[in-house]
Amino acid sequence: MENKMFCFQCEQTAGCKGCMGAAGVCGKKADTAELQDCLTGALIGLARAVKGNEDSIFADTDRMVLEGLFATLTNVNFDNESLNSLIHRVDAEKKRLISLCRECDTVRGKISDYDMGKLWAANEDVRSLKALILFGIRGMAAYAYHAAVLGYVDQEVNKFFYKALFVIGMEDWGMEELLPIVIEVGKVNLTCMALLDRANTETYGNPVPTEVSLAVEKGPFIVISGHDLYDLKQLLEQTEGKGINIYTHGEMLPAHGYPQLKKYSHLKGNFGTAWQNQQKEFSDIPAPILFTTNCLMPPKKSYADRVFTTAGVRYPELTHIGEEKDFSPVIEKALELGGYQKDMAFTGINGGGKVMTGFAHNTVLSVAGQVIEAVKTGAIKHFFLVGGCDGARSGRNYYTEFVKQTPEDSIVLTLACGKYRFNDLDLGTINGLPRIMDMGQCNDAYSAIKVAMALAEAFKCEVNALPLSIVLSWYEQKAVCILLTLLYLGIQDIRLGPSLPAFLSPNVLKFLIEKYHIAPINTPETDMAAMLA
């Protein structure tokens with residue numbers, strides 16, 4: 001309908017059904033949503049043109065697909081001009097491929113762009129499964145993009161994007177054909193997360209346990225948010241020796257654990273909490289904020305002149321730093337604003353003044369013997385993986401209360417920005433091991449998987465037989481691809497909240513419950529009792 005939109009890809013979608021008005025809950029306007037649908041339809045058209053022309057794909061073609069999918073993630077691109085530019089680029093590449101294929105040129109219906117309205121109006125089960133595929137590859141594209149920035153690519157991962165896009169455009173496929181592709185998204189995403197893990201660790205070293213202050217020292221500073229460690233590295237290099245301190249925000253917190261990043265003395269600490277609090281936390285800080293990936297909310301006028309974007313993040317009228325990565329405008333703004341006139345003591349949501357990070361798989365597996373012995377002696381009786389996206393919807397205090405109620409003989413593994421609900425709690429230690437271990441960003445679910453597999457091997461059992469309970473919070477599409485990876489690995493009994501995805505039809509949800517025993521969160525007390533039983 002005119003001036004209307006349909007979008008249900010994030011957890012906070014209106015009424016848990018879908019945003020269908022002039023703007024979405026995230027702030028995305030209807031015309032922007034329409035352009036993102038056009039971009040997705042164009043990418044499906046490109047995938048159609050690629051079929052039979054695989055040998056003619058350039059590296060730039062693969063990169064364009066990553067950028068296009070990344071631009072449609074929640075809270076990434078609000079800028080119509082840049083979306084139109086992406087659509088034109090995809091269209092030009094499709095025409096190049098068509099010119100190389102006589103069959104495509106004569107059977108034009110095979111390579112036409114896809115009308116996303118057909119997907120949103122499809123049979124609810126088909127729509128649900130195609131949505132899982134689409135939203136899953138959108139999240140995976142972000143991980144592949146970060147790896148590609150560091151020069152790491154995997155051709156099997158790249159090829160799958162075309163395959164998945166082509167499948168979404170297949171109008172005669174039903175549940176039987178689509179379900180295997182849904183699980184394949186999880187399989188390929190595991191490969192993609194391993195690729196990004198290798199890219200980050202080989203470039204910046206294996207993370208090490210690091211205590212991070214939440215205070216801010218006086219003087220000029222810059223807050224950097226998002227996920228892209230390459231952008232942080234460039235900013236650290238360009239600000240070195242200029243009297244400007246750098247503070248991470250949101251999913252950038254785990255950067256403090258990487259040796260090649262923590263070596264910079266002006267990487268001081270972490271500012272603020274999770275992404276959904278930025279409009280309040282950024283309202284009056286005397287410093288610029290640089291967004292490197294998703295999690296951007298429409299900035300309020302009180303601080304919009306201090307927000308900068310780079311990479312795939314775009315918002316109208318904000319200063320965007322291009323591929324040259326010249327952060328001079330950000331640096332100049334930091335010096336102009338001057339920072340705080342005195343040291344400021346900020347805290348997390350539970351009043352703690354510091355947090356820990358850096359417990360990636362290399363660190364945890366290096367003390368595997370100590371962990372295994374603690375399990376054998378009964379010092380550790382249970383592991384909880386409590387992680388995922390944070391968000392503003394009511395009910396997310398569940399995760400704070402749940403972690404507070406974990407027994408003293410249990411370990412809490414966590415990752416992604418959902419940890420801000422509890423990562424400043426002091427739960428003590430077990431045999432010298434901290435009870436809360438922050439494994440990193442959302443893509444570092446790969447670390448959690450490696451640790452779980454190693455424990456299963458050590459105890460000669462399946463992962464599902466371990467004293468391990470998984471409680472996930474979700475918000476956007478990266479959480480979707482991670483969930484599909486866990487399902488691909490056969491992991492069962494996952495608790496998911498704070499609400500179930502609106503794009504899951506009753507039949508698809510029934511399938512997930514029956515096969516994988518996925519369940520919505522209940523109360524911390526009820527869920528804890530069930531897990532420990």
Side-chain angles (χ1 to χ4, degrees), residues 200 204 207-229 231-233 235-236 239 244-297 303 306-308 330 334 339-340 343-360 387 389-390 399-400 403 414-426 434 436-444:
N200 285 336
Y204 306 115
V208 296
T210 302
E211 184 177 278
V212 182
S213 172
L214 302 183
V216 177
E217 298 179 10
K218 67 177 181 180
F221 67 98
I222 296 170
V223 174
I224 182 168
S225 188
H227 304 71
D228 204 300
L229 302 181
D231 289 329
L232 173 58
K233 181 67 159 56
L235 182 64
L236 288 169
T239 52
I244 300 174
N245 290 329
I246 306 299
Y247 292 86
T248 56
H249 172 264
E251 283 272 60
M252 199 65 83
L253 166 63
H256 290 272
Y258 287 92
Q260 293 303 311
L261 298 176
K262 66 185 282 120
K263 70 179 183 180
Y264 291 91
S265 60
H266 60 302
L267 178 60
K268 289 293 185 177
N270 190 74
F271 176 84
T273 52
W275 67 272
Q276 78 278 359
N277 300 318
Q278 64 189 259
Q279 291 179 328
K280 177 182 178 181
E281 293 175 345
F282 293 164
S283 63
D284 58 0
I285 65 169
I289 307 101
L290 174 64
F291 278 89
T292 66
T293 55
N294 54 317
C295 303
L296 171 70
M297 296 177 72
Y303 67 90
R306 292 178 272 123
V307 179
F308 298 80
V330 189
Y340 291 110
D343 292 347
M344 303 293 290
F346 295 108
T347 65
I349 66 169
N350 300 293
K354 60 186 179 181
V355 295
M356 288 288 292
T357 192
F359 292 93
C389 313
D390 205 357
Y399 298 94
T400 309
V403 170
T414 188
L415 49 89
C417 65
K419 61 177 166 269
Y420 281 102
R421 293 282 170 169
F422 51 81
N423 67 340
D424 64 322
L425 292 171
D426 183 4
I436 296 181
M437 297 185 183
D438 175 11
M439 309 192 87
Q441 298 179 340
C442 53
N443 50 280
D444 290 312

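All heavy atoms count here, side chains included; hydrogens, waters and symmetry mates do not.
Heavy atoms of other residues, nucleotides or ligands lying less than 6.0 angstrom from NZ of K280 number 12 at most.
Judged purely by atom type and a 3.5 angstrom limit, T239 has no side-chain atom pairing as donor or acceptor with the backbone of I244. A distance-only check finds no donor-acceptor pair linking the side chain of D284 to the backbone of P286 [under 3.5 Å]. Checked by atom type and distance alone, the side chain of Q441 never pairs as donor or acceptor with a backbone atom of P254 at under 3.5 Å. Distance alone, capped at 3.5 Å, is enough to place a donor-acceptor pair between the Y420 side chain and the G250 backbone. Checking side-chain atoms of E251 against main-chain N and O of C442 turns up a donor-acceptor pair under 3.5 Å. Side-chain atoms of R306 come within 3.5 Å of backbone N or O of I285 as a donor-acceptor pair. With hydrogens and angles disregarded, no donor-acceptor distance shorter than 3.5 Å links the side chain of D424 to the backbone of K354.
Between Y340 and F221, the ring planes lie parallel to each other; the angle is under 30°, not in the 30° to 60° tilted range. The aromatic rings of F291 and F282 sit perpendicular to each other, their planes meeting at more than 60°, with 30° as the lower class boundary.
You'll find the side chain of Y247 reaches within 4.5 Å of the side chain of E217, heavy atoms only. Taking the side chain as every heavy atom from C-beta outward, L229 and Y204 approach each other to under 4.5 Å.
Checked options T414, D390, D438; the residue passing with K419 is D438 (criterion: side-chain hydrogen bond (donor to acceptor under 3.5 Å, both in side chains)).
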